Amino acid sequence: MKGWNLKNWGHAPALAWTAVFFVAPLIAMLVMSFSARIDGKITLTWTLDNYRSFLTRADGTFVGALWNSIEVTVLTTIISVLVAYPLAYILAYRVPKNWQRFALVLTVLPFWTSYVVRSYSWLLVLSENGIINQFLLWAGILDTPIGMGNSRFATVLGFVHFFAMLLTLTIYANLVQIKDSYRKAANDLGANGWQAFWYITLPLSVPGVAVGAFLTFVLAIGDYITPQILGGAKEMLLPQAVMLQIGRQADFPLASALSMILMLVITAAFMVFAKRLKMERV
Amino acid sequence: MISSMGRQAISRRRALQAGGAALASLSFMPKGARAADELNLLVWCDHTGPGLLDPFAEKHGIKINSKEYDLPGVAYSILEQSQPGDWDVFVADTGDIMSAVSKGYLGELPDADMPWADIFPDLKQPDSHYKDGKLYAVPEKFGYNTIAFNNTKVTQEEASHAAVMWDPKFAGRIAIYDYYIPTMEMVAIGLGIKPQEITKMHLPAIKEKLVEMKKLSSLVGDVPTTQNALVTGAADIIVGGGEFAVAGLMAEKPELDWVLPNEGGVRWSQSIGIFADSTKKDLATEFVKYIVSPEGQGRLATADCYWAMPANSKANLDDDQKKRLRWDQQPGFIAKSYPYFFGDAELDAAMQEVWTEVLGA
């Protein structure tokens, strides 16, 4: 009867939520990925053709799209960490305690803007008539405007603008949990500020960085809107390949197979980050 | 006093009672009865604005719910996940109508009630609207996938040649419309191949030219993206653009222009029909009749989402609107344009494969 203890049912809502909104759709997508679209109808055939298509179809376009996705995502994650860490550090240790809450609100203000609006705004800023080109022309640095939008640079910039905020929050939450006494002890033992940061603060803040970096990786690699608006389809990323199957051809089996491959990449990323993912620390 | 009455009026118990009663009435009322005064449209974005819908809704005392879709696959996905009777009116590319009929989605329309005498002759396309002598859809709007351009950066003469699509002079200044049918058919026209003569044999040459064009382009995108590029100066030419991309903006931005190249262009058209499972077929048919009437056609042609030529030659349009739509030049445009060519399933799949490869190149 121990198994029926009321305490053990405390997890039930969370489990039910996960089962209904994650496990069931995932199973449906997995089953769909082994189906085929025959004469416009989706039929469960338990075929591996959709996975073969990923490797062989469209002159290797899908494999190329996966590589593009990984490159853009890794670049985004690295730059976002490099931008967010100093900001989080300043917020945690340099901004007076009674101003920190206000500073955090300012940091996440861009979150309040629609994702699509923010992407189109970047396109305007980066356009040849945009503020950056106009300034460079006015300052005499350029003779003719340069195209910065509709490129990988624009996609990564749009991603970094969004995810640096997310990373700032996770790193800040981690940094404020590190006791001041650790750094003071290091200082008492002769470490200068840089050494205390390098040997004490940085290692202890790695879980916050890892959590934020993992979230950034997961959200960026599955994002369709930003590369579609800012990338100008100059290169295809895997979510765009998925949408191409759904929007043009209603080929849900192939779209599901491509999505499952994306899930595998995310799982592999989780394995990499897993050792550092200490959720209780953030 | 007001405050006191207000509290009494919305006491928690009363609110719960009222909410419960409303919920109960909704739950036990048949779905059809609940929605008897509503019309559900599955349409392109030009059928969603109040300017077009409100006059009909007010006249019939109903509410119109419009669901916008942007790609054929999305429409079919929505339909596959819907219950019979969920939708009443469907708008699609004329070339997709027979596919919808063969899937059993569309119901018959009263042929005699449609203004065929006023429809531009080239748009009637009986093969795309009739099956076994029954009418399933009516043409309602058309336009061209050609060359839209900024006339301060590209001359009319330059834009009038199909070779402008791959002219190195405009490297980094070209936006390509991301829809395989019109864009591949525009390239075919530029290569001297009529769209309806495209075979799998022609696809390698079309692909080679498309890859060359992509390298010269600043972006490949949907209508808003390419339109935005032309407006913001990220591009001076939209390959596959036309009046639908610029006519609505020309009053504020006279530098935006469009032209049909001398070699010809691709003509698109969309048609409207009613769903076979609609529970409000009479009302849906009335809506179709409104859309193809002179009043509805004038409003549809100048819809907020995009402007384009009405199918009805008697559409209510003023002189300025007709000028922006190049009304007087239509006979010449129609004569030197080719309707969308939808190949058989095998050719269509091959074309989509080529398009995917170009996007990934």
Side-chain angles (χ1 to χ4, degrees), chain A residues 37-42 53 56-68 116 119-121 123-130 133-134 144-151 154 225 227-238 240-241 243-252 254-255, chain B residues 69-81 99-100 102-105 150 153 171-181 207 211 214-222 224-226 228-236 345 348-361:
Chain A
R37 189 168 174 84
I38 303 166
D39 295 332
K41 300 268 182 205
I42 294 169
S53 292
T56 58
R57 248 186 64 183
D59 210 11
T61 297
F62 298 139
V63 177
L66 176 60
W67 278 118
N68 288 338
V116 175
S119 296
Y120 272 113
S121 302
L123 207 52
L124 291 176
V125 170
L126 298 173
S127 76
E128 301 200 2
N129 297 329
N133 267 308
Q134 292 305 312
T144 52
I146 51 169
M148 289 178 282
N150 304 305
S151 61
I225 298 291
Q228 188 67 17
I229 295 175
L230 288 171
K234 292 291 283 182
E235 61 179 357
M236 189 189 284
L237 306 189
L238 202 55
Q240 290 167 298
M243 277 303 292
L244 197 62
Q245 305 315 310
I246 295 171
R248 295 271 188 255
Q249 304 164 36
D251 192 346
F252 283 87
L254 180 54
Chain B
Y69 72 93
D70 57 352
L71 297 166
V74 175
Y76 288 126
S77 306
I78 292 169
L79 291 173
E80 282 167 16
Q81 292 163 37
S99 167
S102 67
K103 289 183 169 78
Y105 287 132
N150 181 329
K153 305 285 178 64
R173 313 299 314 150
I174 299 171
I176 300 173
Y177 177 38
D178 180 9
Y179 186 15
Y180 72 103
I181 289 181
K207 179 187 167 184
V211 171
K214 194 184 172 200
K215 284 178 183 157
L216 290 174
S217 73
S218 60
L219 68 109
V220 183
D222 55 16
T225 305
T226 50
N228 187 53
L230 199 61
V231 171
T232 60
D236 297 330
D348 188 60
M351 286 175 72
Q352 294 202 41
E353 194 79 350
V354 166
W355 189 249
T356 304
E357 290 167 14
V358 171
L359 290 179

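Letters A, B, ... are given to chains in the order of the sequence lines, protein chains preceding strands, and every chain is numbered from 1. All values reported here derive from a predicted model rather than from experimental measurement.
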Asks: Got B/Thr356 and B/Tyr180 here, is their nearest side-chain heavy-atom distance under 4.5 Å?
Replies: no

Asks: Just give me the residue among A/Leu123, A/Asn129, A/Ile229 that pairs up with chain B most often, heavy atom to heavy atom, under 4.5 Å.
Replies: A/Asn129

Asks: Using side chain to side chain donor-acceptor pair (under 3.5 Å) as the criterion, list what pairs up with B/Asn228, not counting sequence neighbours.
Replies: none

Asks: I need the A/Arg37 CZ to A/Asp251 CG distance, nearest 0.5 Å.
Replies: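 CG of A/Asp251 is found 7.0 Å from CZ of A/Arg37.
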
Asks: Atom OH in B/Tyr105, atom CG in B/Leu79: separation rounded to 0.5 Å?
Replies: 5.0 Å

Asks: Got a salt bridge between A/Glu128 and B/Arg173, using NZ or NE/NH1/NH2 to carboxylate O under 4.0 Å?
Replies: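 A salt bridge is present here (some side-chain N lies under 4.0 Å from a carboxylate O).
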
Asks: With a 4.5 angstrom heavy-atom cut-off, is it the side chain or the backbone of B/Val231 that approaches chain A, or both, or neither?
Replies: backbone

Asks: Quick check on A/Leu237 against chain B: is it the side chain, the backbone, both or neither that has a heavy atom closer than 4.5 Å?
Replies: neither

Asks: Need one label for B/Ala75: side chain, backbone, both or neither, based on atoms under 4.5 Å from any heavy atom in chain A.
Replies: neither

Asks: Checking heavy atoms, do the side chain of B/Ser217, its backbone, both or neither come under 4.5 Å from chain A?
Replies: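 Both backbone and side chain of B/Ser217 come within 4.5 Å of chain A.
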
Asks: Could you check which of A/Lys234, A/Glu235, A/Gln228 has the highest count of heavy-atom pairs closer than 4.5 Å to chain B?
Replies: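 Highest number of heavy-atom pairs under 4.5 Å: A/Lys234.
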
